[in-house]
Amino acid sequence: MTPVPDRGPVHPPASLSPGLLDLGRRVELRLPELLPPADQRPEAVHQAMRYALTSPGKRLRPILTLVVADLFGVGSRSDRSTRVLDIACGIEMVHACSLILDDLPAMDDAALRRGRPTVHRAFGEAVALLAALALLNRAYALVAEAAHHLPAKRYTAEDMIHHLAAAIGSHGLIGGQALDLSSSPEELDLERLEFIHSHKTGALFMAAGELGAMAADAKRNELELIARYAKNLGLAFQISDDLLDVLSTPEEAGKDVGQDTLKVTFVKRLGVAGAQTLEAELLGFAVASLEPLGKKAEPLREIARFVQHRRR
Ligand code: GRG
């Protein structure tokens, strides 16, 4: 067996703080309530939606939405906070949709996700595709309804939906994924790598942060700070994902590892140490953009530390 380079000693931020884990639990309690009953027709699609959405993920994107909304004054007990929770859950539905599609034989052909068989392995490809599309549509409907009920000053429900749709479309996740799939392992120029990663992964982190800020009616300049933070965080997150692919085990990561041999990644272009340095630099940029927000942005700094030290 080839020796695996060590990621170094496990650091405390390998896990999130109890406060952030609690936000993840709020999301996990709400998610199943937002889905059609599993025994309602078409049963297989509804079961697959539930299987994909409620399997044990880190909930990092919806946590980001909730933390940002909280930073700009949405408490945890107002009517507004219930709407923000639904928007955060909508973001997690988009993420679950993207994972189902990414795992399909036509894409990564993955067998394991979140410690379980991938959706197409458990339900078949046709049901997996339909469940992914149903989750995406549920997400749009949910965000539209929640945003419609927010007291709008600076941003309308239409602004928020438009933002989300742009993050997902051919100039967002779909665009990044398309370029990823069509790039050969030799095409490792940094501009292409950055395009792929900031679109296929960064765009949803940006939307998660931005929708949290918009839902909280943050000022335009505050929204921009959050966008800058989330853009760098999202890119760093994808680098940490690529690092886990070479440094982790399926048991630890809960998904297939060593799968990136045919893919274009920063690890391949810069090596493990180079990718770790770039990841740390990007997280440094992310944290630097929080400067004007002072101490109240501490949970966002914590998320950045978590990304750097995570093991799954
Ligand atoms: C229509 C939404 C939509 C997408 C179509 C398939 C596709 C385009 C994009 C794929 C995007 C993708 C899956 C990028 C990888 C992102 C990534 C690093 C996922 C792992 O995220 P974690 O670690 O997973 O947060 P958990 O399981 O913890 O939620």
Side-chain angles (χ1 to χ4, degrees), residues 14-16 20-21 24 27-28 31 49 51-65 88-110 112-116 118-120 128-140 143 164-182 195-208 230 233-245 248 250 252-257 259-260 263-267 279 303 306-307 309-312:
S15 173
L16 291 168
L20 294 190
L21 288 174
V27 170
E28 293 200 323
L31 287 174
M49 289 168 79
Y51 179 88
L53 190 65
T54 62
S55 55
K58 291 182 287 300
R59 316 302 179 198
L60 204 54
R61 296 155 189 80
I63 289 175
L64 179 59
T65 305
C89 289
I91 295 279
E92 183 66 11
M93 287 180 190
V94 174
H95 173 55
C97 161
S98 79
L99 296 180
I100 299 176
L101 297 176
D102 191 45
D103 288 338
L104 284 172
M107 302 211 191
D108 276 5
D109 196 11
L112 193 66
R113 171 69 68 183
R114 294 176 170 173
R116 301 177 182 180
T118 47
V119 178
H120 67 274
L129 261 170
L130 294 172
L133 291 174
L135 280 169
L136 187 62
N137 281 281
R138 182 72 189 106
Y140 280 126
V143 172
L164 182 63
I168 296 169
S170 62
H171 291 116
L173 264 77
I174 292 176
Q177 180 77 352
L179 204 68
D180 193 10
L181 292 171
S182 66
F195 182 96
I196 293 172
H197 291 80
S198 60
H199 285 76
K200 80 167 186 181
T201 305
L204 194 55
F205 274 88
M206 278 183 81
L233 182 83
L235 191 50
F237 187 84
Q238 181 58 53
I239 296 178
S240 70
D241 200 70
D242 295 339
L243 282 163
L244 287 179
D245 187 74
S248 190
E252 219 178 4
K255 59 182 179 179
D256 305 323
V257 297
Q259 295 293 299
D260 289 351
K263 296 199 119 183
V264 288
T265 70
F266 280 102
V267 177
E279 181 198 23
I303 292 177
F306 168 74
V307 168
H309 298 289
R310 72 192 185 100
R311 321 280 294 194
R312 78 172 185 104

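Just follow the structure's listing: the first ligand is 1, and inside any ligand the first atom is 1.
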Return the residue, atom name and 0.1 Å-rounded distance of the protein heavy atom closest to atom 4 (C) of ligand 1. S98 CB, 3.9 Å

Atom 19 (C) of ligand 1: of R310, Q177, K200, R61, the nearest heavy atom sits on R61

For atom 24 (O) of ligand 1, find the nearest protein heavy atom and state the residue, atom name and distance (0.1 Å precision). H95 NE2, 3.5 Å

Using a strict 4.0 Å cut-off to heavy atoms of D102, name the atoms of ligand 1 that fall inside it. 6 (C), 13 (C)

Shortest non-hydrogen contact between A139 and G90, atoms and distance: CB-O, 3.4 Å

Should the pair R114-D103 be classified as a salt bridge under the 4.0 Å nitrogen-to-oxygen rule? no

Pull out every atom of ligand 1 sitting under 4.0 Å from any heavy atom of Q238, numbered as shown with elements. 15 (C), 16 (C), 18 (C)

Contact atoms of ligand 1, heavy-atom distance to D241 under 4.0 Å: 18 (C)

Is the shortest distance from a Lys or Arg side-chain nitrogen in K263 or D242 to a carboxylate oxygen in the other one below 4.0 Å? no

To check your reading of the model: name the closest protein heavy atom to atom 16 (C) of ligand 1, its residue, and the distance in Å. T201 OG1, 3.5 Å

Have a look at ligand 1 and work out which part of R312, if any, has a heavy atom under 4.0 Å from it: side chain, backbone, both or neither. neither

Heavy-atom closest contact (L112 atom, P250 atom, distance): CD2-CB, 4.3 Å

Who's the nearest protein heavy-atom neighbour of atom 27 (O) of ligand 1, and how far? R114 NE, 2.8 Å

May I ask whether L60 places a heavy atom under 4.0 Å from ligand 1? no

Atoms of ligand 1 less than 4.0 Å from C97 heavy atoms? 2 (C)

Specify the protein heavy atom at minimum distance from atom 28 (O) of ligand 1: its residue, its atom name, and the distance to 0.1 Å. K58 NZ, 2.7 Å

Nearest heavy-atom contact between F195 and G175 is CE2-O, 4.3 Å

Any donor-acceptor N/O pair, N137 side chain to L133 backbone, under 3.5 Å: yes

Residue-ligand contact R59/ligand 1, heavy atom below 4.0 Å: no

Can you name the closest pair of heavy atoms from T201 and F237 and give their distance? CG2-CD2, 4.2 Å

For R310 and S240, what are the C-alpha separation, side-chain angles and deciding distance, and is it a side chain to side chain donor-acceptor pair (under 3.5 Å)? CA-CA 8 Å; R310 72 192 185 100; S240 70; 2.9 Å; yes

Applying the side chain to side chain contact (heavy atoms under 4.5 Å, CB included) criterion to P56, which one of E28, R116, R312 satisfies it? R116

